[in-house]
Every structure is written in structure tokens, then in C-alpha cells.
Number of protein chains: 2
Amino acid sequence: MKTVPHITDAEWEVMKVLWNESPRTANEVIDAMQERTEWKPKTIRTLLNRLAQKQAISFTQENRVYAYFPLVSEGECVKSETQSFLKRIYGGAFKPMLVNFLKEEQLSEEDIKELREMLDGKNK
Amino acid sequence: MKTVPHITDAEWEVMKVLWNESPRTANEVIDAMQERTEWKPKTIRTLLNRLAQKQAISFTQENRVYAYFPLVSEGECVKSETQSFLKRIYGGAFKPMLVNFLKEEQLSEEDIKELREMLDGKNK
DNA sequence: CAACTTGTATTACAGTTGTAATCCAAGCGA
DNA sequence: TCGCTTGGATTACAACTGTAATACAAGTTG
């Protein structure tokens, strides 16, 4: 199974933008980011560079402009991050976490109904 | 609500030991850790110091020996870490994560039954 | 052609983390 | 009393992160 590079908090925000739509030029990414964060353009370029270095994204060059696109899917990354989270906090076991979540979190009637249906689906 | 300090991966392992039983002297912690990791005693002492500095743990002094104990509960920390994880990966929403998990993870018949019962409980 | 603009590449710099090693003080054995 | 042992305090140091600023190169404009 392919291992995805570790993506930091700040980088993750950039990835979200690219997962949302790609390819995008650096400036397009910067514009999109500035709707959600206060980061300076230079900062975002740094993050793009780092992501490219660790091969989470790549780019094509059109004249003097780069257009970036992800090399790893959101699903892969979510799964990988979730796994390390699980490992750290719950020793890797999924169910204890779920149990804890269900106990702690607020869920509406709607949510519960929906989840129950998903469980039914799983139950084949 | 009390805010818990951020506990790093390595520190988390030490906290587990103390949550498991406390107070414990540095040496007791070190012994317990060496059953699960390869870390040198000095490393573990560093972690104990850092945890004490950030007030995740404290200690009492008996002669020249410190006995450490947690200042924050495992539940608090789990909750806090889970929240930042959720925020980072799923934008803070709990349900999308659950949905994703249920789709991705392997659950036994048993697990599913148990979860369904929990949901029934919630449903009051 | 010279200066300005614009996009990229390089460099910066402090705080955090992992992973220890060295220094120091107090009790203990010779 | 003097060095050895043991536990704690201080220091180390590189990689990773957040957050940029500065330098450079190629078009664009006057």
C-alpha cells in the first residue's frame, strides 16, 4: 500500500484547496486561501514548495506559471492521518474510539437515524 | 472549560503510563516505559520534565526522589486531541468522520450489533 | 535598453519535538 | 573524609513547522 507523506496542519489547508479543484496556479491557490486564512502569499508559496518537495503535489509549467495538482487523494490522506491518530490516542483500535465518540458527542435524532441506516447497510 | 496542554506523541506514551497508575517515581516510569519502547532513561526524564513544565503532570518529593502524577485526566486529553484532529481533518464536524469511518473500517457483526445498541441508547 | 513587475527560488529564524548527553549535588561505602 | 553512585537539572542538537522576507530571472513598459 502506498504510503502518503505526512502533511502538517498548515499544509493540510493548502491540500484542501487543491483537492477541491485542481490544477490551480499558485496565485489561484493564494486567492482561495485568503478567503479562509490570514496567511501572506509568501507563506502559501512556501507551503506549496514543501508539499511539492515531499511529493504530495506536483505541477505543470505553462510559460512562467506553475499549476499545481495533488499527487495523493484526500481519502488516502484522511485514512493515513486517522490511523496515526487512532494509534496514538486509542492504541490503534477503532471501536473504542467510536464508543467514546458516541458517548461524548452531541448527535441529533437525524444523525442517529442516519448512522443506524449505515450500520444496517454494513450488516449486509 | 479547562484547556489541557498539548501533549506530543512521545509525551503521550509517558502519560499513558501515569494514567495507568500513579504516583510513580521517575524510575518506575522508566521501567514501565522500557517494556514498551526502546527509549533511554534520559529521554524519559526529559519527557517527564517537559510534561511537568507544561503542567500536564506534577510530582511530590520524597527524600531525593520525585513521584509523578497526572494533573489532567486521560478523558480530557483524549477529548481535546480528538477535537483538534476533527477540526484539522474534517473541518470539525463529527458526523462526516463517522460516516467515513463506517465506510472504511472493518467491523465485525459483533461490533455492529454493539454500536447499534449504543445508538438505541442515545435515542432515549 | 533600462526600470518595473511578477512569479519562482533561496534564505531566515524562532519554537517544538525527538532523542539524548553532560553537569552537579547529596548520600553511601571504603 | 573522598571518591562512586544515583537522581535530578541543564544543555545539546538536528529535523520539522509556522511564518515569512529577500534575491533572482524573465517579460512588459517607457
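Worth saying up front: this structure is predicted, and the values here are computed from it rather than measured. Protein chains get the first letters and strands the later ones, always in sequence-line order, with residue 1 at the start of each. Just the heavy atoms: all of them, side chains too, but no hydrogens, waters or symmetry mates, feed the values below.
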Expressed as a whole number of angstroms, how long is the span from [X]:[atom1] to [N]:[atom2]?
X	N	atom1	atom2	answer
A:Asp31	C:dG7	CG	C1'	14 Å
B:Gln53	D:dT11	CD	P	12 Å
B:Leu48	D:dA9	CG	P	11 Å
A:Tyr68	C:dG7	OH	P	12 Å
B:Asn49	D:dG7	CG	P	15 Å
A:Met33	D:dG18	CE	C1'	13 Å

Subject >> Contact pattern, 5' to 3', of nucleotides 14-23 of chain C - B, S or - by protein heavy atom under 4.0 Å >> reply: ---BBBBBB-

Subject >> Joint cluster assignment, B:Val78 & B:Leu51, ILVMFWY side-chain distance < 4.5 Å >> reply: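 Same cluster: B:Val78 reaches B:Leu51 through Ile, Leu, Val, Met, Phe, Trp or Tyr contacts under 4.5 Å.
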
Original post:
Does a side-chain N-to-carboxylate-O contact under 4.0 Å join B:Lys16 and B:Glu74?
Top reply: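 Looking at B:Glu74 together with B:Lys16, the answer is no, because their closest N to O distance does not fall below 4.0 Å.
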
Subject >> Electrostatic pair A:Glu13-A:Arg36, nearest N-O below 4.0 angstrom >> reply: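 A salt bridge links A:Glu13 with A:Arg36.
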
Original post:
In terms of heavy-atom contacts, does CD of A:Gln61 have more than 12 from other residues, nucleotides or ligands at under 6.0 Å?
Top reply: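 Atom CD in A:Gln61 is crowded, with more than 12 foreign heavy atoms closer than 6.0 Å.
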
**OP:** Verify the neighbour count for atom CD of B:Gln55: are there more than 12 heavy atoms of other residues, nucleotides or ligands below 6.0 Å?
**Re:**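 Not buried by this count: 12 neighbours or fewer within 6.0 Å.
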
Original post:
Do any N or O atoms from the side chain of B:Thr37 and from the backbone of B:Trp39 form a donor-acceptor pair under 3.5 angstrom?
Top reply: yes

Original post:
Is A:Arg24 reaching over with its side chain to a backbone N or O of A:Val17, donor-acceptor style, under 3.5 angstrom?
Top reply: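 Answer holds: yes.
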
**OP:** Could you pull out all residues at least two apart from A:Arg88 that satisfy side chain to side chain donor-acceptor pair (under 3.5 Å)?
**Re:** B:Asp9, B:Glu81

Subject >> Within residues 57-67 of chain A, residues whose heavy atoms come under 4.0 Å of DNA chain D >> reply: A:Arg64

